[in-house]
Amino acid sequence: MKYFPACLSERESNAVAERINKLILKHGWGFWALHCINDDRFIGFTGLHQPSGALPFSPCIEIGWRLDRQYWGKGLATEAARCALQFAFGELALDQVVSFTAVANHRSQAVMQRLGMKRDAENFFHPDLPPGHPLSEHVLYRLDAAEFRPVSDSS
Ligand SMILES: CC(C)(COP(=O)(O)OP(=O)(O)OC[C@H]1O[C@@H](n2cnc3c(N)ncnc32)[C@H](O)[C@@H]1OP(=O)(O)O)[C@@H](O)C(=O)NCCC(=O)NCCS
């Protein structure tokens, strides 16, 4: 949670999970739970989300990820994200998926780059954070449907 404004309490984290669950029930898609295929442990989430706030590039569908630290460095976020993108450009027939993160969050940007997403020349300041907040400046990456390499072609 280093690149988010604050860590969540257990209660806040459960509330986030509840909101994610409700959105999945409403739309049929969302930030999906990830389970490790070896031990079936819950290891985080990856998936699609429609940001509710007014971002400079709204309306949009974003792709996002958050994994338990011990599961980093294994290619799992990128693998899961490719499946989510396949769903976005297949079942949902979206034209474009975006992703954004704080400028300092290089690990997340590396996932975006592995997916073939392209960075916008201009950064933006996240409207949910006060001006001058050290995390407010964000990079924006986009992937168009035509640029996406399906899972079967990517390994
Ligand atoms: C962002 C986040 C999901 C990235 O996780 P990650 O494990 O670094 O990303 P990937 O799944 O793409 O894994 C890539 C790494 O696995 C390695 N790897 C090992 N085996 C691999 C395999 N079989 N296939 C692909 N990559 C593999 C790659 O070499 C790379 O290693 P490196 O980081 O040393 O270069 C993770 O850091 C995280 O949860 N951060 C906190 C939450 C967060 O910031 N979310 C984004 C907010 S916008």
Side-chain angles (χ1 to χ4, degrees), residues 1-21 23-24 29-89 94 96-130 133-143 147-155:
M1 296 298 285
K2 188 174 169 184
Y3 301 111
F4 291 86
C7 281
L8 304 179
S9 65
E10 185 175 345
R11 191 174 163 174
E12 288 167 332
S13 177
N14 287 341
V16 170
E18 189 60 32
R19 277 203 302 279
I20 288 173
N21 218 14
L23 286 170
I24 290 177
W29 50 269
F31 282 143
W32 291 290
L34 296 186
H35 287 261
C36 186
I37 211 161
N38 298 328
D39 54 15
D40 203 34
R41 281 194 56 197
F42 168 66
I43 64 168
F45 70 74
T46 298
L48 307 169
H49 178 249
Q50 181 161 26
S52 52
L55 296 166
F57 41 88
S58 294
C60 64
I61 302 290
E62 67 163 318
I63 184 163
W65 31 71
R66 197 179 301 175
L67 266 62
D68 186 341
R69 178 70 185 83
Q70 63 180 299
Y71 290 92
W72 294 8
K74 301 174 192 298
L76 297 173
T78 298
E79 182 183 337
R82 285 210 174 95
C83 294
L85 287 172
Q86 196 156 11
F87 183 88
F89 295 129
L94 299 180
Q96 187 181 74
V97 171
V98 304
S99 194
F100 48 87
T101 191
V103 168
N105 192 346
H106 297 296
R107 285 198 85 94
S108 188
Q109 290 172 57
V111 178
M112 298 170 198
Q113 289 158 13
R114 280 182 208 108
L115 295 169
M117 302 186 87
K118 298 284 177 298
R119 183 176 171 178
D120 264 27
E122 300 282 324
N123 293 344
F124 73 99
F125 291 87
H126 202 294
D128 290 351
L129 293 168
H133 189 285
L135 296 174
S136 69
E137 186 174 358
H138 276 55
V139 295
L140 171 66
Y141 279 72
R142 303 176 193 257
L143 185 66
E147 303 296 321
F148 174 59
R149 292 165 60 213
V151 174
S152 55
D153 297 350
S154 60
S155 53

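No experiment lies behind these values; they were computed from the predicted model shown. All ligand and atom numbering here is 1-based and tracks the order in the structure.
Less than 4.0 angstrom separates some heavy atom of V111 from each of these atoms of ligand 1: 4 (C), 9 (O), 12 (O). Atoms of ligand 1 found under 4.0 Å from any heavy atom of L76 (numbered from 1 in listed order, with element): 11 (O). Every atom of ligand 1 with a heavy atom of F4 under 4.0 Å away is listed here by number and element: 47 (C).
When the heavy-atom distances from atom 5 (O) of ligand 1 to S99, A80, A77 are ranked, the shortest goes to A77. Comparing R107, E62, R114, H138 by heavy-atom distance to atom 35 (O) of ligand 1, the nearest is R114.
Relative orientation of the F148 and F89 rings is tilted, given thresholds of 30° and 60° on the angle between their planes. Using cut-offs of 30° and 60° for the angle between ring planes, the H138 and F100 rings count as tilted.
Summarising the local packing, CD of E10 is surrounded by 12 or fewer heavy atoms from other residues, nucleotides or ligands at distances under 6.0 Å. Heavy atoms from other residues, nucleotides or ligands lying under 6.0 Å from CD of Q96 number more than 12.
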The test is side chain to side chain contact (heavy atoms under 4.5 Å, CB included); show your working for L76 and L34 and say whether it passes. CA-CA 9 Å; L76 297 173; L34 296 186; 5.7 Å; no
Check the pair L55, H126 against side chain to side chain contact (heavy atoms under 4.5 Å, CB included), reporting the backbone distance first and the verdict last. CA-CA 7 Å; L55 296 166; H126 202 294; 4.0 Å; yes
With side chain to side chain contact (heavy atoms under 4.5 Å, CB included) as the test, would you mind laying out the steps for I61 and W29 before giving the verdict? CA-CA 11 Å; I61 302 290; W29 50 269; 3.7 Å; yes
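Scanning the protein heavy atoms around atom 40 (N) of ligand 1, the nearest turns out to be W72 CZ2, 3.2 Å. Among protein heavy atoms, atom 39 (O) of ligand 1 sits closest to L67 N, 2.8 Å. The protein heavy-atom contact nearest to atom 45 (N) of ligand 1 is W65 O, 2.8 Å. Shortest contact from atom 26 (N) of ligand 1 to any protein heavy atom: G75 CA, 3.3 Å. Shortest contact from atom 44 (O) of ligand 1 to any protein heavy atom: N105 ND2, 2.9 Å. From the protein, the heavy atom lying nearest to atom 48 (S) of ligand 1 is T101 OG1, 3.2 Å. For atom 23 (N) of ligand 1, the closest non-hydrogen atom of the protein is K74 O, 4.0 Å.
In terms of modelled atom types and a separation under 3.5 Å, the side chain of T78 and the main chain of G75 share no donor-acceptor contact. A side-chain donor-acceptor contact under 3.5 Å links Q109 to the backbone of V103.
Of the candidates E62, R119, K118, Q113, Y141 forms a side chain to side chain donor-acceptor pair (under 3.5 Å) with just one, namely Q113.
Considering backbone and side-chain atoms alike, F100 places every N or O at 3.5 Å or more from each N or O of ligand 1.
Within a 4.0 Å radius of atom 12 (O) of ligand 1, the protein contributes one or more non-hydrogen atoms.
Neither the backbone nor the side chain of Y3 comes within contact range of ligand 1; no heavy atom lies under 4.0 Å. Contacts of R66 with ligand 1, taken as heavy-atom pairs under 4.0 Å, involve both backbone and side chain.
With a 6.0 Å cutoff to the six-membered ring centre and a 45° limit on the axis angle, R66 counts as a cation-pi contact of F4.
G73 counts as a contact of ligand 1, since one of its heavy atoms falls under 4.0 Å from the ligand.
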